[in-house]
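Each remark here refers to the structure printed beneath this line.
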Amino acid sequence: MGVSDSGLCTSSTRSNFDEPSNPYYLHHSDSPGQLLVSQLLTGENYTSWSSAMSLALSVKNKVGFIDGSILEPQSVDPPLLNSWTWNNNIVISWILNSISKEISTSVMFAASAREIWFALRDRYQQRNGPRIFQLKRELMNLHQDKDSINTYFTKLTTLWEELNNYRPHCSCGKCCGGIKDLIDYHNMEYVMSFLMGLDDSFSHVRGQLLLMDPMPPLNRVFSLVVQEEQQGRTPHASSSHTPTYTMAFVFKSGQTDVHKPGPQTSQKFHSNYSAPRNPNPNASRN
């Protein structure tokens with residue numbers, strides 16, 4: 001069984017062209033005009049674009065054609081060379097479809113998808129230091145202002161997720177004891193950034209959330225703040241919706257039925273009750 005320059009077993013590769021697990025396999029829907037990502041590369045968005053593109057190519061099992069792990073086979077193996085050329089041109093088409101016209105004209109004559117990929121990386125990938133500084137500054141200056149909670153949260157998540165790409169990741173896996181503490185700390189940082197940018201109208205729910213130990217997951221915090229936003233838009237919300245402190249208590253304790261008959265019910269009944277008038281005003285004097 002021979003081995004090509006690409007490090008792949010040639011006879012095994014040729015015999016498995018029709019298997020989806022083979023990187024040389026092409027589905028009938030894998031056409032050159034297919035668009036893999038929704039956002040075109042413009043230069044400023046390289047980090048998010050490359051992440052989305054890498055994910056799409058991994059689904060297609062074609063990452064090897066851009067990272068250099070699948071190189072052009074030797075010409076003495078025509079079947080494998082033809083298949084490589086076909087796949088390489090397909091990947092080139094997918095990349096060209098995902099970048100702006102101004103950028104595509106400068107890379108469209110490259111010989112391989114790998115050459116295009118590394119050219120775009122060297123050209124548009126920013127150095128870590130300046131980009132991290134820029135992202136952290138944008139996070140510090142990000143406030144809700146007149147945006148809805150959903151819009152503000154989307155802006156925050158966009159910055160935070162890109163910044164997270166520059167953080168070191170533990171390679172020991174989730175079974176490691178320290179990884180849970182690291183994840184919890186990052187979640188707390190995420191929640192703090194979200195709460196810091198909220199308008200002052202959410203100061204009460206923010207205070208209640210900060211008192212919780214441990215800090216709730218970000219998605220749960222977002223859900224509670226959205227509920228507060230929706231209740232605040234309801235007419236007569238101050239008298240009709242559950243107070244924020246009760247909502248926070250429900251989440252912390254896991255209770256769902258916090259409204260139980262108590263003294264308030266009987267007091268309200270007596271306050272609305274009036275005794276019948278005495279038909280004889282002089283009866284009490286006798």
Side-chain angles (χ1 to χ4, degrees), residues 36-39 45-61 63 66-67 121 125-144 147-199 202-230 244-256:
L36 299 188
V37 295
S38 59
Q39 187 179 21
N45 61 338
Y46 174 79
T47 301
S48 58
W49 174 85
S50 61
S51 297
M53 196 66 186
S54 297
L55 178 62
L57 289 174
S58 68
V59 173
K60 297 287 190 180
N61 198 17
V63 174
I66 63 171
D67 65 6
R121 186 199 64 178
Q125 186 179 44
Q126 301 184 25
R127 296 290 180 250
N128 291 357
R131 184 53 182 165
I132 292 174
F133 176 82
Q134 181 182 1
L135 290 171
K136 284 185 171 290
R137 183 170 60 180
E138 291 182 16
L139 278 173
M140 292 179 61
N141 295 330
L142 181 63
H143 298 282
Q144 180 187 353
D147 292 334
S148 65
I149 294 297
N150 186 63
T151 301
Y152 161 63
F153 182 76
T154 301
K155 292 180 180 179
L156 174 71
T157 302
T158 301
L159 295 173
W160 189 269
E161 292 301 326
E162 182 178 350
L163 182 63
N164 194 48
N165 290 330
Y166 295 102
R167 291 192 174 101
H169 298 281
C170 181
S171 59
C172 61
K174 294 185 178 180
C175 59
C176 174
I179 191 66
K180 182 180 183 303
D181 295 335
L182 183 62
I183 293 176
D184 291 342
Y185 181 77
H186 283 168
N187 176 74
M188 183 190 68
E189 280 190 319
Y190 208 158
V191 171
M192 291 293 182
S193 296
F194 174 63
L195 296 178
M196 286 174 61
L198 290 175
D199 289 344
F202 296 96
S203 58
H204 190 72
V205 65
R206 176 169 50 202
Q208 294 297 326
L209 289 168
L210 289 174
L211 291 176
M212 293 185 182
D213 186 21
M215 186 70 69
L218 177 68
N219 289 335
R220 183 58 176 161
V221 171
F222 169 75
S223 177
L224 293 174
V225 175
V226 168
Q227 290 180 37
E228 187 74 5
E229 179 187 43
Q230 294 173 347
T244 305
Y245 66 86
T246 303
M247 179 175 60
F249 175 78
V250 171
F251 172 72
K252 183 176 181 181
S253 63
Q255 297 178 1
T256 56

Practice task
Using the side chain to side chain contact (heavy atoms under 4.5 Å, CB included) rule, take M215 and L210 through it: C-alpha gap first, then chi angles, then the decisive distance, then the call.
Solution key: CA-CA 7 Å; M215 186 70 69; L210 289 174; 4.3 Å; yes
Exercise for the section: State, with a plain yes or no, whether a side-chain heavy atom of V226 is found less than 4.5 Å away from one of N150. Expected result: no
Problem - Short side-chain to backbone donor-acceptor contact, Q144 and Y152, under 3.5 Å - result: no
Exercise for the section: Could you pull out the closest heavy-atom pair between L36 and A56, with the gap in Å? Expected result: CB-CB, 3.8 Å
Exercise for the section: Could you tell me whether the side chain of H204 reaches within less than 4.5 Å of the side chain of E228, counting heavy atoms only? Expected result: no
Exercise for the section: Provide the closest heavy-atom pair for S148 versus T151 in the form atom of the first, atom of the second, distance. Expected result: OG-OG1, 3.0 Å
Handout entry: S51 side, atom OG; Y46 side, atom OH - distance, nearest 0.5 Å
Key = 8.5 Å
Problem - Y190 side chain to P217 backbone, donor-acceptor under 3.5 Å - result: no
Problem - Approximate separation, where rounding is to 0.5 Å, of L218 CG and L156 CG - result: 7.5 Å
Practice task
Taking the side chain as every heavy atom from C-beta outward, state whether F153 and V225 have any atom pair closer than 4.5 Å.
Solution key: no
Exercise for the section: Without swapping roles, check the side chain of E229 against the backbone of I149 for a donor-acceptor pair under 3.5 Å. Expected result: yes
Fill in the blank from the handout: Output for pair (T158 OG1, N45 CG), nearest 0.5 Å, gives 12.0 Å
Completion exercise
Interatomic distance, CD@E161 vs CG@L135, rounded to 0.5 Å, equals 11.5 Å
Problem - Gap between atom OG1 of T157 and atom CG of N164 - 0.5 Å precision - result: 11.5 Å
Practice task
State, with a plain yes or no, whether a side-chain heavy atom of L224 is found less than 4.5 Å away from one of Q208.
Solution key: no
Practice task
Report yes or no: does S58 contribute a side-chain atom to a donor-acceptor pair with the main-chain N or O of L55 at less than 3.5 Å?
Solution key: yes
Problem - Between Q134 and R137: side-chain donor-acceptor atoms closer than 3.5 Å - result: no
Handout entry: Side-chain donor or acceptor of S193 paired with backbone N/O of E189 under 3.5 Å
Key = yes
Exercise for the section: May I ask you to check whether over 12 heavy atoms, not counting those of M140, lie within 6.0 Å of atom CE? Expected result: no
Completion exercise
Rounding to 0.5 Å, atoms CD (E162) and CD1 (I132) come to a distance of 10.0 Å
Completion exercise
Closest non-hydrogen contact found for L195 with R206 is O-NH1, 2.9 Å
Handout entry: Salt-bridge contact K155-E138 (side-chain N to carboxylate O under 4.0 Å)
Key = no
